[in-house]
There are 2 protein chains.
Amino acid sequence: MSPTISTDLIRGHTTTIILNILRQGDSYGYEIYKKILALSGNQYELKEATLYTAFRRLEKEACIESYWGDETQGGRRKYYRITAKGKERYQHSKREWNFAKEILDRLIQGGLEDEEGSKSTGS
Amino acid sequence: MSPTISTDLIRGHTTTIILNILRQGDSYGYEIYKKILALSGNQYELKEATLYTAFRRLEKEACIESYWGDETQGGRRKYYRITAKGKERYQHSKREWNFAKEILDRLIQGGLEDEEGSKSTGS
DNA sequence: CATATTACTTTGACAGACATAGTAATATGC
DNA sequence: GCATATTACTATGTCTGTCAAAGTAATATG
């Protein structure tokens, strides 16, 4: 139920995740919230406050645009659309992620092998 | 020279990185600083302030212990040693990293294929 | 003896994630 | 009709990790 991923490991990725979802079509807050939960296999819940904070950040940076949906009379929804700048930003972030992944793997996994069930080296 | 990895992508990993280095033997601040720089192929520079902040955090949590080196007369060095708790913590963080990696890959890379050179879909 | 390098420390700023709380509309059950 | 749950968005303030900046101090180098 609650996220298994510590919040610090997510930091800096939320905008990339949001942009990636919007690449696949316009969407609104709650839907994106649900989508992330589902995509992560219920392992990661992006909190609403974080999500809407990210929207505002991304909109200010012209990476996304918003418009109110048609259901004006009820359940108003604010839709977000990714812009050209947003797409560039996504590609850049994705590259950065793949790059960071390699380096972090080296820094985190590198060095000693795990001694856990060390049953090798029989001499 | 300056880090290619944005600081937010590192967040939460510094302690794991430090613990991993200490797993390979006692070391001191400056050496660890250099080691990280080298291990990352000069792509990531963990700033000193961050490093020493992390030491204090880790020591408070009993994941590492410190002692002053023998070179008391000059170039005093404070060595750090990983504790049992620190080793556990490392294993846990490593697992978490490998787990987060998968989920983040799904969230960041998943969905649309890159349309970069989209030369398909005729008619 | 000035400068560079090694080596550690402290203070304060900043940004992103989130807790909390609130608004408001629709749907569901009684 | 009314309480409750769910959908959907917003605003305020807190916390934490990273880092800039500045300082101390010793050794090595020219």
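Below, chain A is the first sequence line, B the second, and so on; all start at residue 1.
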Query raised in the report: About how many Å separate OH of A:Tyr44 and OG of A:Ser6, when rounded to the nearest 0.5 Å?
Result: 9.5 Å
Query raised in the report: For the pair made of NZ in A:Lys60 and C1' in D:dT10, what is the distance, rounded to whole Å?
Result: 15 Å
Query raised in the report: Which nucleotide in the list D:dC9, C:dT6, D:dA20 gets nearest to the side chain of B:Lys47?
Result: D:dA20
**Report entry** Separation of atom CD1 in B:Ile64 from atom P in C:dC8, rounded to whole Å
**Finding:** 12 Å
Query raised in the report: Should A:Tyr44 be listed as having a side-chain N or O under 4.0 Å from OP1 or OP2 of C:dC18?
Result: yes
Query raised in the report: Reckon B:Lys78 has a side-chain N or O less than 4.0 Å from the OP1 or OP2 of C:dT9?
Result: yes
**Report entry** Taking every non-hydrogen atom, the tightest pair across B:Leu104 and A:Leu9
**Finding:** CD1-O, 3.8 Å
Query - Salt bridge flag under 4.0 Å for residues B:Glu61 and B:Arg89 - result: yes
Requested in this report: Assign a letter to each nucleotide of nucleotides 10-16 of chain C from its 5' end: B, base within under 4.0 Å of a protein heavy atom; S, sugar-phosphate only; -, no contact.
Outcome: B----BB
Query raised in the report: Hey, is the side chain of B:Lys34 poking within less than 4.0 Å of OP1 or OP2 on C:dA7, counting only N and O atoms?
Result: no
**Report entry** Length of the line joining A:Leu9:CG and C:dA17:P, which is rounded to integer Å
**Finding:** 12 Å
Query raised in the report: Taking a pair as Watson-Crick (N1 to N3 plus N6-O4 or O6-N4) or G-U wobble (N1-O2 and O6-N3), both under 3.5 Å, which stems of 3 or more consecutive pairs involve DNA chain D?
Result: C:1-30 with D:1-30
Query raised in the report: What's the spacing between B:Arg81 CZ and B:Cys63 SG if we round to 0.5 Å?
Result: 14.5 Å
Report task. Examine C:dA7: is either OP1 or OP2 under 4.0 Å from a nitrogen or oxygen in the side chain of B:Tyr28? Give yes or no. Result -> yes
Query raised in the report: Roughly how far, to the nearest 0.5 Å, is OG1 of B:Thr83 from NZ of B:Lys87?
Result: 8.5 Å
Query raised in the report: How many Å lie between CG on A:Leu46 and P on D:dC9, as a whole number?
Result: 14 Å
Report task. Whole angstrom is fine here: how far is it from CD1 in A:Ile32 over to P in D:dT7? Result -> 16 Å
Query raised in the report: Which of parallel (below 30°), tilted (30 to 60°) and perpendicular (above 60°) describes A:Tyr28 and A:Tyr79?
Result: perpendicular
Report summary line: In whole angstroms, the gap separating P of D:dA28 from CZ of B:Arg76 amounts to 15 Å
Report task. Taking atom types as modelled, find out whether B:Tyr80 and B:Glu59 have a side-chain donor-acceptor pair closer than 3.5 angstrom. Result -> no
Query raised in the report: Is there side-chain contact between A:Lys47 and A:Glu45, with heavy atoms separated by less than 4.5 Å?
Result: yes
Query - Between D:dT24 (P) and B:Arg77 (CZ): distance, integer Å - result: 23 Å
Using a 3.5 Å cut-off and no angle test, enumerate the donor-acceptor pairs between side-chain atoms of residues 13-20 of chain A and protein atoms at least two apart in sequence or in another chain.
| residue | atom | partner | partner atom | Å |
| --- | --- | --- | --- | --- |
| A:Asn20 | OD1 | A:Arg23 | NE | 3.2 |
| A:Asn20 | OD1 | A:Arg23 | NH2 | 3.2 |
| A:Asn20 | OD1 | A:Tyr90 | OH | 3.4 |
| A:Asn20 | ND2 | B:Leu107 | O | 2.8 |
| A:Asn20 | ND2 | B:Ile108 | O | 3.1 |
| A:Asn20 | ND2 | B:Gly110 | O | 2.9 |

Query raised in the report: How many Å lie between OH on B:Tyr30 and P on D:dA26, as a whole number?
Result: 18 Å
Requested in this report: Could you work out which one of C:dT9, C:dC18, D:dA8 sits closest to the side chain of B:Tyr80?
Outcome: C:dT9
